[in-house]
Amino acid sequence: MVTAEIVIDPAAVVAPIDRRIFGSFVEHLGRCVYDGIYEPTHPTANDDGFRLDVVDLVKELGSTTVRYPGGNFVSGYRWEDGVGPRESRPVRRDLAWHTLETNQVGTDEFARWCALTGSELMLAVNLGTRGIEAALDLLEYTNHPSGTALSDQRIANGSVEPHNVRMWCLGNEMDGPWQTGYMTADDYGKLAARTAQAMKAADKTLELVVCGSSGSNMATFGDWERTVLEHSYEHVDFISCHAYYQEYGGDLGSFLASSLDMQYFIETVVSTADHVGNKLRSAKKIKLSFDEWNIWYLEEHQQSDEISDEWLVAPRQLEDVYSVADAVVLGNLLITLLKNHDRVASASLAQLVNVIAPIRTEPGGAAWRQTTFFPFSVTSRLARGEVIAPRIHVDTYSTKRHGDAPLVDSVATVDRDAGTAAVFLVNRSQTESIEVTIDLSGLAMSTVTEAVSLHDDDVYARNTADDQNRVGLVDLEGAELSDGRLTVTLPPVSWSAVALA
Ligand code: AHR
């Protein structure tokens, strides 16, 4: 049997866990909002029209911050359309997804939905078709307590307390030619700096995210970050990263090693940001907000006719049905985010419901968990305290897209106050079980409290509307702790978690 050795040294602390690493994303896109979180005629809907069965699944998923309302959608959005009496809200065309937006859900309703789910609202402002004034107005509307035109308008609309939004995205993917109003790095950097400066004049405690690259494959990758930060460094706190992965042409080996690209992406953005900061002799370090990451079969969607010439309300768009392999990759991407948590301080799984999402719904019907739900929910629940970077000794295999990839990847967390720890592991081998010995003698744990795995003999098994529970967590057999050494046997193409106390 293939074997691997892992050493977990409690001194190898990456960072204390900031719960924002388990954020997600709700965009006005397809059926994410309408017929997703919001369906007023559904039997479980509350007075706002939100489905409470979906609320329960979001809580179980354990997502923390929720980025809203886009995505590409935000670059044409007029936030004023989504507040006030619902019956007088305008219907508008959304050019990003070629649909009709009814504005029945807007900022106040979404803030209430966040409160229902226990999530923190993270907003994006429109720097595509709009600019500084609209951003400042939205900030006044959401965050000013009372006694100004826009805060009093919010109060009159029923939100007496300010929403107190802390994290703000300065536009979305402004490097992408598909973005409404996309710009050069120079133009965007100047606009982002001026917008940030104005927003911080209103509230210097805001945390502002400037747009980084839409992917590590963008021709401007690296140069974009450098130029944008040269303009905005002292005014912003985060730079965004977006990355989506998929299996191309049956090349499962490369797909299972997707996190190597995420690692390259993070290292490149960190070194570019630090280059700018050092050049400016700044004492500040820019953090990364990985505010879109997931598996997305983008090419298949581009070849479909789901972006219709007609103007439809909430059509089915980007409704990927995820396999076991997809879930294993997603679990591995989350391991990578945790391993880089000293710089990746915030992240958003894109997206939350129906649209490339861990949760699916049918109108009037059920809500269920996709395969990708499981590694996210277990990691969010068990990862507590501090992240520890393990030393991993294991063979590699060769991939077409990412070079040599280790067969096993892993990260650990330890909560010294609670006396608990967790280890998250991925086996990328398509054929071999791997026996892993983990030296965690420095953690002083005495028992395994939980050991679960996401694995199936059919790596393409999925949960569907007709078979919603086909794939779920299974027990990770034979996890044993003795004399500070944990042994586990990881099945091929699997993600696993072991909790200890
Ligand atoms: O999440 C789907 C889309 O992906 C978002 O709207 C956009 O920001 C990205 O290209």
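Each ligand, and each atom within it, is numbered from 1 in the order the structure gives. Below, all heavy atoms of this structure are taken into account, side chains as well, without hydrogens, waters or symmetry copies. Throughout, residue positions are numbered sequentially from 1 according to the sequence presented.
The 4.0 Å heavy-atom shell around ligand 1 contains residues Phe25, Glu27, Gly71, Asn72, Trp97, Asn172, Glu173, Tyr244, Glu292, Trp296, Gln351, Ile356, ordered by chain and number.
A salt bridge links Arg31 with Glu319: the closest approach of a Lys/Arg side-chain nitrogen to an acidic carboxylate oxygen falls below 4.0 angstrom.
With sequence neighbours left out, the side chain to side chain contact (heavy atoms under 4.5 Å, CB included) criterion links Pro16 to no other residue. Take Asp237 and apply the salt bridge (Lys or Arg N to Asp or Glu O under 4.0 Å) test, not counting sequence neighbours, and it matches Lys200.
Residue pairs meeting the ring pair (Phe, Tyr, Trp, His ring centres under 6.0 Å) criterion with at least one member in residues 303-351, sequence neighbours excluded: His98-Trp311.
Side chains of Glu225 and Ser213 form a contact here, defined as non-hydrogen atoms less than 4.5 Å apart.
Although no hydrogens or angles enter the test, the distance criterion places no donor-acceptor pair under 3.5 Å between the side chain of Glu39 and the main chain of Thr41.
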